[in-house]
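Since the structure comes first, as structure tokens, the remarks are kept for the end.
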Amino acid sequence: MLLDAPGAPLREADVAEPEPGPGQLLVRVRACAVCRTDLHVADGELPEPKLPLVLGHQIVGEVVGQGRRVGIPWLAWADGECRYCRSGRENLCVRALFTGYRVDGGYAEYAAADERFCLELPGAYGDVEAAPLLCAGLIGYRALRLAGDPERLGLYGFGSSAHLIAQVARWEGRRVFAFTRAGDEEGQRFARELGAEWAGASGEAPPEELDAAILFAPAGELVPAALRVLAPGGTVVCAGIHMSDIPSFPYELLWEERSVRSVANLTRRDGEEFLALAPQVPVRTVVEELPLAQANEALERLRSGRVRGSLVLVP
Ligand SMILES: [Zn+2]
Ligand SMILES: [Zn+2]
């Protein structure tokens, strides 16, 4: 499924199999989960995508000729030599390449990937169940680590990422408060099923102050909204790659050592840590499988919020 230009629907096309370069694996795609970042790329909200492009960066596949299973995540390549790579921050690499954005991804039958950036997947998960771990789970995990050590954790936007990381947070003994779009009672019920002790609309005040909040919804107005319900010393973590502008807000919302920060990309170490942790919890991925040819429908459903858990495309 090809993106010819931002804003255009994806087009079903027959293209040549990717030719793996030195150090790359040719992978037969078995499943590829849909991420909100795919929507931002398709809509032209991220600059200079490769075009035409195959979207998708939560790829589970089988290495052609070897039969073993690998996961292909968002970080496709980092140079290993810039100041960020040399300090354990390859997620900020100045020359990084990203799957399904700057290189072709997994909305396809085959993908090529640098072996050093592929991840080993826990055997306890089927292909479709494992796919959302690769970004929704992994970015959620990095966001949770950067949230500090909160007792009371707010999750804004209870979608693919929040439904996974809520389970990790509960397992770690944290209390989870979930925020959805106003009127999304189905989403609030889903959050309570996964361990949230309270669920409400994003403008509402939870019954207690929060020690941290992770924003998965790409709406800038949630930043001051989350700060407003944050205890002194608390952190707001913006976990998405794109967000609408943040409205100005009075300094008193930030005062008392509250902080606002973002999470960018992932390191291979995040991947290894989270994929080792997921089967211990165990994190249960709630997935809905769609045929690859319905990728446009999947993106539309994500846009309008009509998803329970994660959508996964299967060629
Ligand atoms: Zn680098
Ligand atoms: Zn993603």
Side-chain angles (χ1 to χ4, degrees), residues 3 23 29 31-43 45-46 49-50 53-60 71-107 111 113-114 116-119 121 128 130-144 146 155 157-165 214-218 237-243 262-271 274-275 278 283 285 287 295 298-299 301-303 307 309-313:
L3 178 71
V29 179
C32 183
V34 178
C35 175
R36 181 164 290 278
T37 298
D38 303 343
L39 203 50
H40 293 312
V41 176
D43 286 348
E45 288 166 332
L46 301 183
K50 169 192 177 287
L53 173 71
V54 180
L55 290 170
H57 55 269
Q58 307 187 78
I59 307 166
V60 176
I72 305 175
W74 172 244
L75 183 65
W77 184 85
D79 63 10
E81 28 184 69
C82 72
R83 61 186 301 158
Y84 300 103
C85 284
R86 282 187 283 110
S87 55
R89 297 179 290 166
E90 64 186 4
N91 60 308
L92 300 177
C93 177
V94 293
R95 279 178 284 271
L97 295 175
F98 300 107
T99 310
Y101 177 32
R102 293 282 163 74
V103 300
D104 282 332
Y107 287 19
D114 188 313
R116 296 167 304 161
F117 290 85
C118 293
L119 294 166
L121 294 163
V128 170
L133 299 175
L134 283 163
C135 183
L138 236 151
I139 293 290
Y141 174 76
R142 186 171 175 88
L144 180 61
L146 296 180
L155 299 175
F158 206 85
S160 189
S161 216
H163 99 277
L164 302 178
I165 222 59
I214 303 176
L215 274 46
F216 293 111
V237 181
C238 304
I241 193 167
H242 174 84
M243 184 179 252
S262 66
V263 163
N265 314 318
L266 66 136
T267 64
R268 282 171 282 182
R269 191 173 158 189
D270 295 327
F274 175 68
L275 293 170
V283 173
T285 61
V287 292
L299 291 174
R301 285 190 42 199
L302 191 59
R303 188 193 307 283
V307 183
S310 309
L311 292 175
V312 179
L313 298 171

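Start at 1 and go down the list; that is how both ligands and their atoms are numbered. Not measured: the values here are computed from a predicted model. Start at 1 with the first residue, then count along the sequence.
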I need the Leu138 CG to Cys35 SG distance, nearest 0.5 Å.
11.0 Å
Regarding Arg269 and Thr267, is there a side-chain donor-to-acceptor distance under 3.5 Å anywhere?
no
Given atoms SG of Cys82 and SG of Cys93, what angle do they subtend at the Zn ion (ligand 1), to the nearest 10 degrees?
120°
Determine which of the N, O or S atoms in Asp79 is closest to the Zn ion (ligand 1) and give its atom name.
OD1
Ring-plane angle category for His40 and His242, please: parallel below 30°, perpendicular beyond 60°, tilted otherwise.
tilted
Evaluate the side-chain proximity of Ile139 to Ile241: yes if any heavy-atom separation is below 4.5 Å, no if none is.
no
Angular separation of NE2 (His57) and SG (Cys135) seen from the Zn ion (ligand 2), to 10°:
110°
